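All remarks here apply to the structure that follows.
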Amino acid sequence: MAEILQTNTEPVGRVDIDPVTLDIIENALRNARYEMDEVLFRTALSPGIREQHDEFPLIANPDGKMVVGQFGLSVPDFLANFDGTIGEGDILMTSDPYACGAAISHANDWLLVVPIFHRGRLVGWSSMFGHMSDVGGKTPCSMPADARTIYEEGVIVPPFKLYEGGELNEAALGIILNQVRMPEWNRADLNGLVAACTTAARRVTELCDRFGVETYLSALDDLLDRNYQAMKVLLAALFEDGQTLEFADYICDDGCGYGPYELKISLTRHGEKIHLDFSHAAPQAVGPVNYFINENLVRMFFGIYVITVADPQILWNDGFYPLIDVTIPEDSFWKPRHPAALNARNHGIGRVFDLFGGLLGQTNPEILNAAGFSSSPHFMYSGHYTSGPREGEWFQLYSIGFGGVPGRPVGDGPDGHSLWPSFRNIPCEYLESYYPLRIERWETIADSGGAGLHRGGNGVDVAYCFEEPGTIAIHDDRWLTYPWGVNGGRPGERGRKWIDRADGTREVLPSKIHDVPVGPGDVLHFVTWGGGGWGDPLRRPAELVALEVRRGLVTADGARDYGVVCTADGTLDEAATERLRAELDAARAEVPVFDMGPPLAEILDRCEEETGLPAPRPPVDVRSAAALHGRR
């Protein structure tokens with residue numbers, strides 16, 4: 001447990017805060033949180049952070065409770081696992097999920113935690129992590145798809161003082177950077193994280209100077225309590241006392257040939273509190289898809305989901321945590337045992353939100369979202385230039401793909417968008433300017449979004465034409481199971497990947513693979529999955545469906561899923577549409593709340609025929625699998 005060194009330990013009194021002052025402090029903190037983002041974006045070098053914004057900041061109170069920020073990390077869990085003193089001018093760093101209580105979840109995330117002191121007194125924390133495009137390991141970008149231990153995934157930095165009393169530990173940083181393939185990127189990205197956190201610290205001390213420490217800390221208490229009270233009302237309105245709800249979804253495979261992994265979660269309301277139980281989830285995965293998540297992050301994700309869909313005007317923070325009890329068993333997908341591999345945990349992060357949506361929607365279908373682009377698929381390309389002025393120079397690309405956002409109560413899911421609202425696409429012009437490739441195609445795939453009153457967003461086909469020999473890696477999911485539709489909406493289409501080789505052959509790729517050789521003229525088609533549809537597709541306005549046929553978002557054949565008859569150019573046949581809709585309505589059974597697609601057994605039986613890939617083997621006890629692998 002960390003020991004905080006303060007020169008001022010006088011008690012701080014509690015004062016009443018008027019609404020205007022509270023609003024000023026709240027928005028000042030909110031602005032400081034966004035300033036953290038902008039400082040990092042302007043100083044980072046890796047495209048994953050600079051262009052796509054793969055980073056997560058927060059500002060916390062003295063106990064480490066987030067007051068403003070973005071989800072993804074936990075300061076209290078870091079502090080509980082840090083063995084040492086923390087004083088003014090210190091900046092703490094780690095990339096080891098197992099050594100910080102899963103405050104972060106894989107080794108590519110470099111986490112900084114900065115204590116904020118005002119006149120010798122601890123008044124809060126600023127913290128931020130960013131995904132480093134490379135941290136060493138056996139494959140470029142440090143995300144080997146077949147990793148069985150974290151030791152294969154690059155340098156693992158235990159919690160330590162990157163800065164002590166304002167002085168940089170150059171020797172330790174040099175050792176760390178010596179392990180990575182792009183040290184200039186890592187150094188710049190890390191300096192950006194330092195600058196962002198120290199900027200936030202300055203803004204907090206300015207607020208303490210302006211309003212006084214008593215007023216500032218009392219305002220933080222009020223913001224946390226306001227969130228607690230709001231969540232208490234929401235939980236009582238959304239869930240019946242004593243009722244238990246269950247929902248399950250899948251991770252298709254683990255990169256080592258095992259899957260699908262069933263992720264089951266249950267929710268029970270007991271008075272004011274909710275209990276989230278992960279006890280019946282899949283066992284620890286053999287491959288690197290395990291998502292090591294701690295109880296505080298479960299609370300955070302659940303609260304974010306509930307607030308976002310039920311009352312998005314609420315500024316979410318950690319205040320509601322006492323209302324959520326969480327059970328996560330050891331040796332499970334959610335809490336693997338060291339040294340389980342973790343690099344592909346991005347699929348589990350996204351699926352958490354589908355699980356929470358499935359729980360919430362059983363009793364509140366009017367605010368239920370379909371299953372959507374609940375992952376962050378990765379594409380990586382690296383090698384050496386073989387000619388020209390950059391001959392012999394190393395290049396390395398890490399990027400995050402986009403897909404179909406689910407249909408929602410408020411409308412259609414966006415086409416070709418990100419799971420995370422703050423993420424952005426890397427511009428094609430940037431990729432073509434800085435890497436030896438061309439983007440031959442970046443387009444949405446008609447009919448890939450599930451049909452519904454509100455259509456699921458379409459996935460995208462990004463065609464990368466390579467100009468230099470190198471290797472690529474892919475991390476994706478939903479190639480086997482379907483993104484489900486809700487309230488009568490249909491499932492979205494699954495993702496797929498293949499290479500059209502320069503010699504005219506085609507190679508189908510699994511969703512998780514690394515070190516695939518490519519050469520000049522080879523074209524990778526990175527096809528992502530669509531979002532599920534929301535609501536009865538027969539109620540979607542026929543004129544809108546015909547318009548989307550004209551726009552290339554739906555085909556004429558796909559329009560028939562909405563009961564719409566039109567030509568390939570989108571000319572609507574109103575009489576034929578009326579007849580088809582009447583026939584489809586008369587022939588169908590009751591509209592289901594969830595449409596998960598075909599039964600899992602049927603999906604597995606038809607896997608190779610439909611996807612070109614063998615069906616995964618059922619998950620096994622990870623220790624048995626490890627022993628078997630060791631004998632081979």
Side-chain angles (χ1 to χ4, degrees), residues 1-9 12 29 33 36 55-107 109-118 120-130 156-166 169 172 190 193-194 196-198 200-201 204-205 208 213 216-217 220-221 223-224 292-301 303 317-322 324 326 328 335 338:
M1 182 72 179
E3 178 187 354
I4 311 302
L5 303 179
Q6 303 181 79
T7 58
N8 182 354
T9 58
V12 177
L29 289 172
R33 167 257 185 272
M36 293 174 75
E55 50 78 28
F56 297 84
L58 67 78
I59 299 172
N61 76 351
D63 295 327
K65 295 179 180 178
M66 182 184 69
V67 182
V68 295
Q70 195 173 354
F71 49 86
L73 63 98
S74 173
V75 172
D77 289 286
F78 175 91
L79 297 176
N81 288 272
F82 183 80
D83 186 18
T85 61
I86 301 176
E88 193 161 1
D90 293 349
I91 297 179
L92 313 174
M93 175 186 173
T94 189
S95 71
D96 186 354
Y98 292 108
C100 64
I104 51 171
S105 51
H106 71 169
D109 291 336
W110 284 12
L111 169 66
L112 294 186
V113 177
V114 177
I116 305 174
F117 287 86
H118 180 263
R121 183 195 310 277
L122 181 73
V123 294
W125 303 84
S126 61
S127 185
M128 196 175 205
F129 75 81
I156 306 164
V157 182
F160 83 108
K161 293 182 181 180
L162 178 65
Y163 284 79
E164 185 167 14
N169 189 333
L190 183 61
L193 292 170
V194 170
C197 289
T198 54
V204 169
T205 57
C208 291
V213 172
Y216 174 75
L217 294 180
L220 299 192
D221 291 340
L223 291 173
L224 292 166
F292 185 23
I293 186 171
N294 67 47
E295 289 76 5
N296 280 332
L297 287 181
V298 170
R299 295 181 178 100
M300 180 187 297
F301 287 158
N317 56 40
D318 287 4
F320 66 86
Y321 281 16
I324 313 295
V326 181
I328 308 175
K335 190 172 284 189
H338 181 271

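As the structure is a computational prediction, the values presented were derived from the model and not from experiment.
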| message | For a quick test of reading the model, state the closest non-hydrogen atom pair linking Gln70 to Glu55 and the distance between them. | response | OE1-O, 3.7 Å

| remark: Separation between CG (Leu224) and CZ (Phe320), nearest 0.5 Å, reads 10.5 Å

| field | Lys161 vs Asn169 side-chain heavy atoms within contact, under 4.5 Å | value | no

| Just wondering, do Ile91 and Cys197 contact through their side chains at under 4.5 Å, heavy atoms? | no

| Flag, side chain of Ser127 to backbone of Leu112, donor-acceptor distance under 3.5 Å | yes

| field | Those residues that, when tested against Tyr163, pass ring pair (Phe, Tyr, Trp, His ring centres under 6.0 Å) (two or more places apart) | value | none

| message | The test is side-chain contact (heavy atoms from CB on, under 4.5 Å); show your working for Val113 and Phe82 and say whether it passes. | response | CA-CA 11 Å; Val113 177; Phe82 183 80; over 6 Å; no

| Audit row: Tyr216, Val204, side-chain contact (heavy atoms from CB on, under 4.5 Å) steps and yes/no | CA-CA 9 Å; Tyr216 174 75; Val204 169; 3.4 Å; yes

| request: Taking side chain to side chain donor-acceptor pair (under 3.5 Å) as the test, write out the residues that go with Glu88, two or more places apart. | output: none

| For Asp109, all residues meeting salt bridge (charged side-chain N to carboxylate O under 4.0 Å, His left out), sequence neighbours excluded | Arg345

| field | Ile86 to Ala2 - nearest heavy-atom pair and separation | value | CD1-CB, 3.6 Å

| said: Would you compute the distance between atom CZ of Phe129 and atom CE of Met93 and round it to the nearest 0.5 angstrom? | reply: 13.5 Å

| field | Within-4.5 Å side-chain heavy-atom neighbours: Ile324 and Val298 | value | no

| query | Rounded to the nearest 0.5 Å, how far does CD1 of Ile4 lie from OG1 of Thr9? | reply | 13.5 Å

| note | Sequence neighbours excluded, the answer for salt bridge (charged side-chain N to carboxylate O under 4.0 Å, His left out) partners of Arg121 is none

| field | Atom pair CG (Leu217) and CG (Leu122), whose distance is rounded to the nearest 0.5 Å | value | 9.0 Å

| said: Between Val12 and Val123, is the side-chain contact (heavy atoms from CB on, under 4.5 Å) condition met? List the steps. | reply: CA-CA 10 Å; Val12 177; Val123 294; over 6 Å; no

| field | Which atom of Asn296 lies closest to which atom of Pro76, heavy atoms considered | value | ND2-CB, 4.5 Å

| message | Determine whether a donor-acceptor pair (N or O, by modelled atom type, separation under 3.5 Å) exists between the side chain of Trp125 and the backbone of Ile59. | response | no

| query | What's the shortest heavy-atom distance between Ala200 and Ser126, and which atoms? | reply | CB-CB, 3.8 Å

| field | Phe56 side chain near Ile104 side chain, heavy-atom distance below 4.5 Å | value | no

| field | Pairwise distance CG(Asp318) to CE(Met300) - rounded to 0.5 angstrom | value | 5.0 Å

| query | Can you check whether Asp63 reaches Val75 side chain to side chain, under 4.5 Å on heavy atoms? | reply | no

| query | Would a 4.5 Å heavy-atom cut-off, applied to side chains only, mark Val194 and Leu162 as touching? | reply | yes

| remark: Residues at least two apart in sequence or cross-chain that pass ring pair (Phe, Tyr, Trp, His ring centres under 6.0 Å) with Phe292, listed by chain then number, are Tyr98

| query | What are the two closest non-hydrogen atoms of Ala102 and Leu297, and how far apart are they? | reply | O-CD1, 3.5 Å

| request: For Met36 and Met128, work out which heavy atoms get closest and say how close. | output: O-CE, 3.7 Å

| Who pairs with Lys65 by side chain to side chain donor-acceptor pair (under 3.5 Å), at least two apart in sequence or on another chain? | none

| Between CE on residue Met66 and CG on residue Leu223, distance to nearest 0.5 Å | 12.0 Å

| message | Tell me whether Asp96 contacts the main-chain N or O of Val157 through its side chain, where contact means a donor paired with an acceptor under 3.5 Å. | response | no

